[in-house]
Asker: 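Pasting a structure here, questions to come.
Order of appearance sets the numbers: ligands from 1, and atoms from 1 within every ligand. The structure presented is a predicted model; accordingly, all values stated were derived computationally and were not measured.
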Amino acid sequence: MHQKAVIFGGGGQLGVELCREFERRKWTVQRFDRHSLDITDAARVEEAIAKTDAQVVLNAAAYNQVDIAEKEPLAAYQANALAVRNLALACRQTGAQLVHYSTDYVFDGTKGVPYVETDTPHPLGAYAVSKLAGELYAQAYLSDALIVRTSGVFGPGGMFTPRGNFVELMLRMAKANSPIRVVADHVASPTYAPAMASRTADLVSQNQRGLFHMGGGQPISWFDYAKLIFDLAGLKPSLTPTDEREYRTAARRPKFSALSNSKLEGAGIAVMPPLREAVQEYLASREHVTAHRSS
Ligand SMILES: NC(=O)c1ccc[n+]([C@@H]2O[C@H](COP(=O)([O-])OP(=O)(O)OC[C@H]3O[C@@H](n4cnc5c(N)ncnc54)[C@H](OP(=O)(O)O)[C@@H]3O)[C@@H](O)[C@H]2O)c1
């Protein structure tokens with residue numbers, strides 16, 4: 001049977017990789033970015049899903065502005081929760097499987113070791129609440145939804161998006177010669193978008209459903225992550241560690257939100273690439289883009 005997928009949020013870091021990966025696997029992909037379809041528009045979502053008659057609908061669209069969400073919680077809830085309800089209802093009508101992404105921030109960070117799928121969520125801020133609500137809508141309306149929680153996503157698409165990613169932020173600050181202070185007391189598992197896309201496609205081809213964690217595999221503090229980026233980029237900016245008491249943000253964030261990939265690996269999905277390799281690959285694609293632009 002010819003395989004068709006609809007991808008929402010196709011302009012984001014993960015969205016571009018999902019399009020690439022499913023097309024590489026010879027799926028017919030209908031891609032929507034925010035400009036072509038806003039997922040908060042229930043009627044347009046329903047029409048798009050019904051028209052394409054796809055077996056799989058992937059939602060990589062999200063409101064990811066964790067701090068701004070504290071001031072505008074409704075905007076976060078509309079995109080991350082109510083829009084997922086729209087997608088789930090539309091999938092239920094056509095029988096398509098929904099693949100949806102969520103976040104390590106559904107946890108409060110007090111566990112101290114990587115979180116597994118059976119751990120109880122306890123979101124600390126408006127963004128995290130909205131993402132957890134999105135998971136619940138998907139699970140409430142669909143029995144076969146695949147929900148993938150991830151952490152600190154970075155991918156080449158972030159070179160071109162307004163929000164970018166942590167690697168881009170660090171490189172930008174180094175270029176500006178700004179002194180850089182990064183929290184050393186918060187730990188996550190930064191995740192490489194191309195690796196996520198290929199493992200998502202593997203999960204889909206295995207007909208998996210339910211909740212999976214897909215983190216970068218290596219718990220690392222944001223400070224050590226910044227150090228790794230600068231080492232690999234051959235830069236020596238003024239980088240000093242700070243902590244959450246000194247570096248205040250509008251939203252509370254979990255101190256330790258690394259995700260365990262044990263369920264994913266137990267399902268036979270390839271181990272995520274080591275963070276060092278992923279950052280190296282990211283920087284190589286960055287160089288390639290820069291060289292292309294200047295030629
Ligand atoms: N980035 C992270 O560090 C991180 C961490 C944990 C989990 N996640 C999750 O991983 C998934 C992929 O994230 P990502 O890093 O690829 O995010 P991203 O690069 O910010 O991409 C998200 C895309 O969604 C679009 N979008 C926002 N609201 C929309 C709407 N109402 N309708 C249609 N499109 C909309 C954005 O468009 P605009 O740019 O125009 O807003 C953007 O293109 C998301 O579910 C995210 O919550 C990400």
Asker: May I ask you to check whether Asp38 has an N/O atom sitting below 3.5 Å from an N/O atom of ligand 1?
Answerer: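 So ligand 1 has an N or O lying under 3.5 Å from an N or O of Asp38.
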Asker: For Phe230, is the CZ atom crowded, meaning more than 12 foreign heavy atoms sit under 6.0 Å from it?
Answerer: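 It does: Phe230 CZ has more than 12 such atoms within range.
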Asker: Run the numbers for me: atoms of ligand 1, each under 4.0 Å from some heavy atom of Tyr101, listed by number.
Answerer: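 With Tyr101 as reference, the close atoms of ligand 1 come out as 11 (C), 45 (O).
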Asker: For ligand 1, does Ala83 get within less than 4.0 Å through its side chain, its backbone, both, or neither, judged by non-hydrogen atoms?
Answerer: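 Ala83 to ligand 1: no contact under 4.0 Å from either part.
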Asker: For Gly152, counting its heavy atoms only, list the atoms of ligand 1 lying under 4.0 Å from any of them.
Answerer: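 Atoms satisfying the 4.0 Å criterion: 3 (O), 5 (C).
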Asker: Record the part of Gln13 in heavy-atom contact with ligand 1 below 4.0 Å; permitted values are side chain, backbone, both and neither.
Answerer: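 Both of them.
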Asker: Tell me, please: is Ser102 in heavy-atom contact with ligand 1, that is, under 4.0 Å?
Answerer: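 Ser102: in contact with ligand 1 (<4.0 Å).
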Asker: Check whether any side-chain heavy atom of Asn59 sits under 4.5 Å from a side-chain heavy atom of Tyr101, and report yes or no.
Answerer: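 Heavy-atom side-chain distance check fails, nothing below 4.5 Å.
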Asker: Any nitrogen or oxygen of Arg34 lying under 3.5 Å from a nitrogen or oxygen in ligand 1? Just yes or no.
Answerer: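 Yes, Arg34 has an N/O under 3.5 Å of an N/O on ligand 1.
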Asker: Provide the number and element of each atom of ligand 1 under 4.0 Å from a heavy atom of Ala60.
Answerer: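 So the answer, numbered in order with elements, is 12 (C), 22 (C).
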Asker: Heavy atoms, side chains only, cut-off 4.5 Å: are Glu281 and Pro273 in contact?
Answerer: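 No, too far: nothing below the 4.5 Å cut-off.
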Asker: Do any nitrogen or oxygen atoms of Pro162 come within less than 3.5 Å of a nitrogen or oxygen of ligand 1?
Answerer: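 N/O-N/O distance under 3.5 Å: no.
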Asker: If you take the nearest heavy atom of each of Val148, Asp104, Asn64, which one is closest to atom 20 (O) of ligand 1?
Answerer: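 Looking at heavy atoms only, Asn64 sits closest to atom 20 (O) of ligand 1.
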Asker: Verify the distance criterion only: is there a donor paired with an acceptor across the side chains of Ser102 and Glu135 at less than 3.5 Å?
Answerer: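 On atom types as modelled, these side chains qualify, holding a pair under 3.5 Å.
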Asker: Would you check, one step at a time, whether the test ring pair (Phe, Tyr, Trp, His ring centres under 6.0 Å) holds for His213 with Phe107?
Answerer: CA-CA 12 Å; His213 286 180; Phe107 296 113; 5.8 Å; yes
Asker: Just how far is it from atom NZ of Lys26 to atom NE2 of His2, taken to the nearest 0.5 Å?
Answerer: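 Result: 11.0 Å between the selected atoms.
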Asker: Are side-chain N/O atoms of Asp202 and Ser205 paired as donor and acceptor at under 3.5 Å?
Answerer: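 Per modelled atom types, Asp202 and Ser205 side chains form no pair under 3.5 Å.
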Asker: Kindly indicate whether the side chain of Pro254, heavy atoms from C-beta on, has any atom under 4.5 Å from the side chain of Asp108.
Answerer: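 A side-chain contact is absent here, since even the closest heavy-atom pair is not under 4.5 Å.
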Asker: Counting from 1, what ligand 1 atoms have a heavy atom of Leu37 closer than 4.0 Å?
Answerer: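 Listed by number with element: 32 (N), 33 (C).
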Asker: What residue pairs, at least two apart or across chains, pass side chain to side chain donor-acceptor pair (under 3.5 Å) with a residue in residues 78-99?
Answerer: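 Qualifying pairs, neighbours excluded: Asn80-Ser130.
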Asker: Which protein heavy atom lies closest to atom 3 (O) of ligand 1, and at what distance to 0.1 Å?
Answerer: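 Going by distance alone, atom 3 (O) of ligand 1 is nearest to Val153 N, 3.0 Å.
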Asker: For residues Phe223 and Pro241, report the shortest heavy-atom separation together with the two atoms involved.
Answerer: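 Here Phe223 and Pro241 meet closest at CE1-N, 3.4 Å.
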Asker: Between Asn59 and ligand 1, which part of the residue brings a heavy atom under 4.0 Å of the ligand: side chain, backbone, both or neither?
Answerer: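 Neither part.
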Asker: Which residue owns the protein heavy atom closest to atom 6 (C) of ligand 1, what's the atom, and how far is it?
Answerer: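 Nearest protein contact, heavy atoms only, for atom 6 (C) of ligand 1 is Thr150 O, 3.4 Å.
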Asker: Ignoring angles and geometry beyond distance, decide whether Ala62 reaches within less than 3.5 Å of ligand 1 through its nitrogen or oxygen atoms.
Answerer: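 So ligand 1 has an N or O lying under 3.5 Å from an N or O of Ala62.
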Asker: Heavy atom under 4.0 Å from ligand 1: found in Lys131's side chain, backbone, both, or neither?
Answerer: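 Within the 4.0 Å criterion, Lys131 contacts ligand 1 through side-chain atoms alone.
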Asker: Can you tell if the side chain of Phe8 reaches within under 4.5 Å of the side chain of Ile49, non-hydrogen atoms only?
Answerer: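 When only atoms from C-beta onward are counted, Ile49 and Phe8 do touch, with a gap below 4.5 Å.
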Asker: Under 4.0 Å from a heavy atom of Arg163: give me the atoms of ligand 1 that qualify, with their elements.
Answerer: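 So the answer, numbered in order with elements, is 20 (O).
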Asker: Side chain, backbone, both or neither: which part of Phe160 has a heavy atom under 4.0 Å from ligand 1?
Answerer: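 Under 4.0 Å from ligand 1, Phe160 contributes no heavy atoms.
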Asker: Under 4.0 Å, heavy atoms only, figure out whether ligand 1 is touched by the backbone of Ala61, its side chain, both or neither.
Answerer: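 The part of Ala61 near ligand 1 is both the backbone and the side chain.
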Asker: Polar contacts were defined as any N/O atom of the residue lying under 3.5 Å from an N/O atom of the ligand; does this apply to Ile39 and ligand 1?
Answerer: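 N/O-N/O distance under 3.5 Å: yes.
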Asker: Contact between Asp33 and ligand 1, counting heavy atoms under 4.0 Å?
Answerer: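 Asp33 does not count as a contact of ligand 1 under the 4.0 Å cut-off.
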Asker: Are Phe32 and Ile39 close enough that some pair of their side-chain heavy atoms sits under 4.5 Å apart?
Answerer: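 They are not in contact (no side-chain heavy atoms under 4.5 Å apart), so the answer is no.
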Asker: Will you find, in the side chains of Glu168 and Tyr282, an N or O donor that is under 3.5 Å from an N or O acceptor?
Answerer: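 Present: a donor and an acceptor within the cut-off.
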Asker: Just jot down the ligand 1 atoms closer than 4.0 angstrom to any heavy atom of Leu14, in number order.
Answerer: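 Under 4.0 Å from Leu14, ligand 1 has these atoms: 12 (C), 16 (O).
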